[in-house]
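Note that ligands are numbered from 1 as they come in the structure, with each ligand's atoms numbered from 1 the same way. Note that the coordinates shown come from a computational prediction; the quantities given were computed from them, not determined experimentally.
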Amino acid sequence: MIISVVLLPSPNNPTGTALPPEAVTVLCEAVGESGVVVVDEAYGEFRRAGTPSALELLPQHRNLVVTRTMSKAFALAGARVGYLAADPAVIQALLLVRLPYHLSAVTQAVARAALACRDEPMATVAALRAERDGIVAWLRGRGWRVADSDANFVLFGPFADRHAVWQGLLDRGVLIRETGPDGWLRVSIGTPDEMAAFRSALVELKELR
Ligand SMILES: Cc1ncc(COP(=O)(O)O)c(C=O)c1O
């Protein structure tokens, strides 16, 4: 028997855009009993107000799995820990095949402590979302095309020579990512001061459009 595993990053990287729930539903129905649909919500906590999580679809789809990492919203990439939510039958099946001792007791304790203290990281997430929405509006206001972002980064462009823009920003002390579709750049959301530095550096590079 062939089992399909369909992986969907939502919000996606590097666009930052979350999938509409209808897309997840269509795929869950298409895959049916012959597999599972895994929605990777690594950036789920950053999604825009009104953007639903695939967690809300779990009651309707027994073949849906939603994964989260603690690397992003909890800034815990060094702990190498995440979790998933799915139908109890899927969880039972995973418990049968998972490796023994795949996650140390210390890591589990760290993750539980972080969850118990989630108010602080969630306040940071709220500040980053507001900063992100501000950058999206600012870039659009200056005529850039910007992908809708439900993540802690923003993809914008297009540039005739994106490397020149990336280098120009770096020369001004601003490091962003040269990634994604040709001609586009990805900026991660930082502190208000860092975003102000990004904005003024980009304005100085306006001749590179
Ligand atoms: C879409 C997506 N999923 C998952 C991850 C993995 O995160 P980690 O391996 O730190 O849990 C990343 C990291 O960049 C990501 O962009």
Side-chain angles (χ1 to χ4, degrees), residues 4-21 23-24 27-28 31 35-48 51-58 61 63-86 90-91 94-95 97-99 101-118 120-122 124-125 128-129 131-133 135-136 146-157 162 166 175-182 184-191 194-195 198:
S4 350
V5 178
V6 179
L7 291 168
L8 302 172
S10 175
N12 184 41
N13 186 5
T15 57
T17 315
L19 281 169
V24 178
L27 276 157
C28 286
V31 168
V36 290
V37 175
V38 181
V39 179
D40 167 7
E41 289 197 345
Y43 300 94
E45 292 89 345
F46 295 96
R47 64 192 193 280
R48 286 166 296 167
T51 302
S53 161
L55 289 171
E56 294 168 36
L57 300 172
L58 282 173
H61 303 292
N63 62 351
L64 174 62
V65 175
V66 182
T67 60
R68 292 265 175 107
T69 176
M70 295 189 75
S71 295
K72 316 291 178 186
F74 286 85
L76 259 186
R80 313 307 311 141
V81 61
Y83 52 90
L84 63 81
V90 175
I91 304 289
L94 283 172
L95 289 175
V97 296
R98 78 180 173 94
L99 294 174
Y101 310 119
H102 70 299
L103 200 60
S104 83
V106 174
T107 305
Q108 291 178 52
V110 167
R112 291 174 70 105
L115 285 171
C117 305
R118 62 182 168 279
E120 198 179 319
M122 289 310 113
T124 306
V125 165
L128 289 171
R129 289 167 77 214
E131 194 68 42
R132 183 248 349 254
D133 291 344
I135 283 290
V136 169
V146 184
D148 285 336
S149 178
D150 294 293
N152 59 348
F153 53 78
V154 171
L155 189 77
F156 65 104
R162 75 168 172 185
W166 177 85
L175 177 61
I176 68 166
R177 293 267 181 118
E178 190 179 356
T179 186
D182 223 15
W184 291 66
L185 290 166
R186 202 197 89 168
V187 60
S188 294
I189 305 303
T191 62
E194 287 167 338
M195 300 323 290
F198 163 74

Which distance, rounded to the nearest 0.5 Å, do you find between the OG1 of Thr124 and the CD of Glu131? 12.5 Å

Which of the atoms in ligand 1, numbered in the order shown and given with their element, are less than 4.0 Å from a heavy-atom of Arg80? 8 (P), 9 (O), 10 (O)

Just go through Asp40, Leu7, Leu8, Asn13 and tell me whose heavy atom is the nearest to atom 2 (C) of ligand 1. Asp40

Would you compute the distance between atom CG of Asn13 and atom CZ of Phe153 and round it to the nearest 0.5 angstrom? 4.0 Å

the protein heavy atom lying closest to atom 11 (O) of ligand 1 turns out to be Thr69 OG1, 2.6 Å

Does Phe156 have its ring centroid less than 6.0 Å away from the ring centroid of Phe198? yes

In terms of atom number and element, which parts of ligand 1 are under 4.0 angstrom from non-hydrogen atoms of Ala42? 2 (C), 3 (N), 4 (C)

Is the shortest distance from atom 6 (C) of ligand 1 to a protein heavy atom below 4.0 Å? no

Starting at CZ of Arg80, measure out to OG1 of Thr107 and round the result to the nearest 0.5 Å. 10.5 Å

Which residue supplies the protein heavy atom nearest to atom 13 (C) of ligand 1, what is that atom called, and how far is it? Lys72 NZ, 2.7 Å

Protein heavy-atom partner closest to atom 10 (O) of ligand 1 - residue, atom, separation in Å: Ser71 OG, 2.5 Å

Are the charged groups of Arg47 and Glu41 less than 4.0 angstrom apart, N to O? no

